[in-house]
Amino acid sequence: MKTPNQYLAGLPTTIFTIMSQLAVKHGAINLGQGFPDTEGPQDIIQVAAEALQDGRNQYAPLTGLLELREAVASSNRRFYGLEVDPATEVVVTSGATEALAACLMAVVEPGDEVVVIEPLYDTYLPALRLLGAVPRCVRLQPPHWSLPEAELRAAFGPKTKAIMLNSPMNPSGKVFVREELELIADLVREYDAYAICDEVYEHLTFHVKHMPLMTLPGMRERCMRIGSAGKSFSLTGWKVGYVTAPAALASVVAKAHQVLVFATAPNLQRAVAYGLKKDESYYQALSAQMEMQRDLLRDGLHRLGFETLPADGSYFIVADISRHADGRDDVDFARWLVEHAGVATIPVSAFYDPEGDAPPQNLIRFAFCKKPEILSEALKRLEKALS
């Protein structure tokens, strides 16, 4: 029998699956997976429930319901001053992961090079390699997650087609500042490239302001900006994403979306449109709650002797295990924590290209998008195991 796709068949079971399975086996608190353990706003959920009964349950338009595309355009204007045509410059997708795939399909061809920044979200490299693209990885430098200018410049070249920029960033929690964005924008213009901007945590920043690359000079026509209702409304299971892009790019993204899934659940689209119209107090409260949870976990980890790296956004904070590792690398230490402390985390080495140089092996990622009482219990378990 002929073999299936060799690249996909050869992918190992992800560390995320392994750690979640171990968490179940050992009755551990799962601070590995990045999803909230509380429901999103009840009024948004109620709108979705009512929309199931309104007789509009057939295919939504390819690019999404007009009311949601208008809400996305309005959100772009309200938060970032971006003027967007909802008729031609917004595409609704089945989650941000599908949006990433559609944006890559829209611009990348076999042999093209794409700059990616490590540590990186785990679907980036498989998606690139399935398209026949060549990833050019640039590593942020811990402990401050600084962007190395020389390495970034060296990653761009005549074959560069795009850069994938994740800000606020998973897993590091980094929010790229204007100086870094200007450097990236300069290189994108110099090499006539595109930018695929994964901004799903745009409303989850802590005393720093998220700045879309699209707002910088010359970037409006080169950027595809991806947002996520799952992250903005703590409804990750809904899988509703949206791409903002210039019309010429959005039309190609829509063609990729048509090949992948065609349309997204209409009742969820209507509920997300409602949610995007919430006033700024909602987004401020969401950010403040997540910041409180970050601080609770961060301060507790400090008391236990872990150093943590800056986390100005997202659901995640990274801790240095050096004081407690006792010779173990991040993978072995994460397994030990599940088995002996009853707390699941993710080793940060999983967020690096396995075909590249050896990654840092002294860092683990905690998700703090959990109830405060769960985080407190996790800290008690860690204290007991480490004492």
Side-chain angles (χ1 to χ4, degrees), residues 13-38 119 122 140-145 168-174 204 206-207 234 288-352 358-387:
T13 302
T14 70
I15 191 66
F16 310 96
T17 299
I18 291 170
M19 296 308 295
S20 292
Q21 289 173 344
L22 286 172
V24 172
K25 178 180 177 180
H26 295 282
I29 294 172
N30 192 345
L31 301 187
Q33 276 194 293
F35 62 86
D37 57 358
T38 55
D122 64 302
L140 298 180
Q141 303 299 311
H144 302 296
W145 298 125
M169 195 178 193
N170 172 15
S172 70
K174 176 183 176 69
L204 291 170
F206 317 127
H207 298 287
S234 301
Q289 175 65 29
M290 208 61 66
E291 182 181 15
M292 183 273 288
Q293 292 166 202
R294 180 206 64 177
D295 291 351
L296 188 161
L297 181 59
R298 180 198 62 195
D299 295 348
L301 290 171
H302 290 174
R303 288 194 300 271
L304 296 177
F306 290 96
E307 292 183 10
T308 61
L309 283 65
D312 294 325
S314 82
Y315 284 162
F316 307 108
I317 191 166
V318 171
D320 188 327
I321 64 173
S322 299
R323 293 183 184 177
H324 296 294
D326 195 25
R328 292 178 287 253
D329 64 14
D330 58 337
V331 175
D332 288 339
F333 187 73
R335 287 178 175 272
W336 184 87
L337 282 183
V338 175
E339 295 171 4
H340 296 274
V343 177
T345 62
I346 299 293
V348 170
S349 60
F351 298 96
Y352 289 80
Q361 296 182 323
N362 62 317
L363 304 173
I364 57 175
R365 188 193 76 174
F366 291 83
F368 53 77
C369 50
K370 310 296 179 180
K371 297 174 186 175
E373 57 268 28
I374 297 299
L375 298 175
S376 295
E377 174 59 25
L379 289 167
K380 289 178 183 177
R381 294 185 180 192
L382 290 171
E383 182 177 19
K384 182 178 180 181
L386 295 169
S387 61

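Count residues from 1 along the sequence. Only heavy atoms go into these numbers, but all of them, side chains included; no hydrogens, no water, no symmetry mates. Note that the coordinates shown come from a computational prediction; the quantities given were computed from them, not determined experimentally.
A distance of 8.5 Å separates CG of Asp299 from OG1 of Thr308, quoted to the nearest 0.5 Å. To the nearest 0.5 angstrom, Leu375 atom CG is 12.0 Å from Lys380 atom NZ. Taken from OH in Tyr352 to CG in Leu363, the straight-line distance is 6.5 Å, to the nearest 0.5 Å. Taking CD1 of Ile364 as the reference point, atom CD1 of Ile317 lies at 11.0 Å (rounded to 0.5 Å). A distance of 6.5 Å separates OG of Ser20 from CD1 of Ile346, quoted to the nearest 0.5 Å. One finds the CD atom of Gln289 at 11.5 Å from the NZ atom of Lys371 (value rounded to the nearest 0.5 Å).
Residue Glu383 qualifies as open at atom CD: its count of foreign heavy atoms under 6.0 Å is 12 or below.
A distance-only check finds a donor-acceptor pair linking the side chain of Asp330 to the backbone of Ser349 [under 3.5 Å]. Side-chain N or O atoms of Arg365 include none that pairs as donor or acceptor with a backbone N or O of Ser172 at under 3.5 Å.
Among Lys370, Met290, Gln33, the single residue meeting the side chain to side chain contact (heavy atoms under 4.5 Å, CB included) criterion with Tyr315 is Met290.
For the pair Arg328 and Phe333, the cation does not sit on the ring face, since its NZ or CZ is not both under 6.0 Å from the ring centre and inside 45° of the axis.
Shown here for Val343 and Ala378, the closest heavy-atom pair between the two residues is CG2-O, 3.7 Å. Nearest approach of Ser387 to Lys384, heavy atoms of both residues: OG-O, 2.9 Å. Nearest heavy-atom pair across Pro168 and Leu204 is CG-O, 4.4 Å. Across Val318 and Pro171, no two heavy atoms sit closer than the pair CG2-O, 3.6 Å. Scanning all heavy atoms of the two residues, the minimum distance from Ala385 to Ala341 falls at CB-CB, 3.5 Å. The two atoms that bring Leu296 and Pro372 nearest to each other are CD1-CB, 3.9 Å, heavy atoms only.
Ion pairing between Arg294 and Glu291 holds under the 4.0 Å rule for side-chain N and carboxylate O. Ionic pairing of Arg335 and Asp332 is not present here: no N-O contact between side-chain nitrogen and carboxylate oxygen is shorter than 4.0 angstrom. By the 4.0 Å N-to-carboxylate-O rule, Arg323 lies close enough to Glu307 to be salt-bridged with it.
Side-chain contact between Leu382 and Phe366 is present, with at least one heavy-atom pair separated by less than 4.5 Å. For the pair Asp122 and Ile15, the minimum side-chain heavy-atom distance is 4.5 Å or more.
Between His324 and Phe306, the angle of the ring planes lies from 30° to 60°, which puts this pair in the tilted group.
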(request) Show the numbers, then the answer: is there a side chain to side chain contact (heavy atoms under 4.5 Å, CB included) between Thr345 and Val338? (result) CA-CA 8 Å; Thr345 62; Val338 175; over 6 Å; no

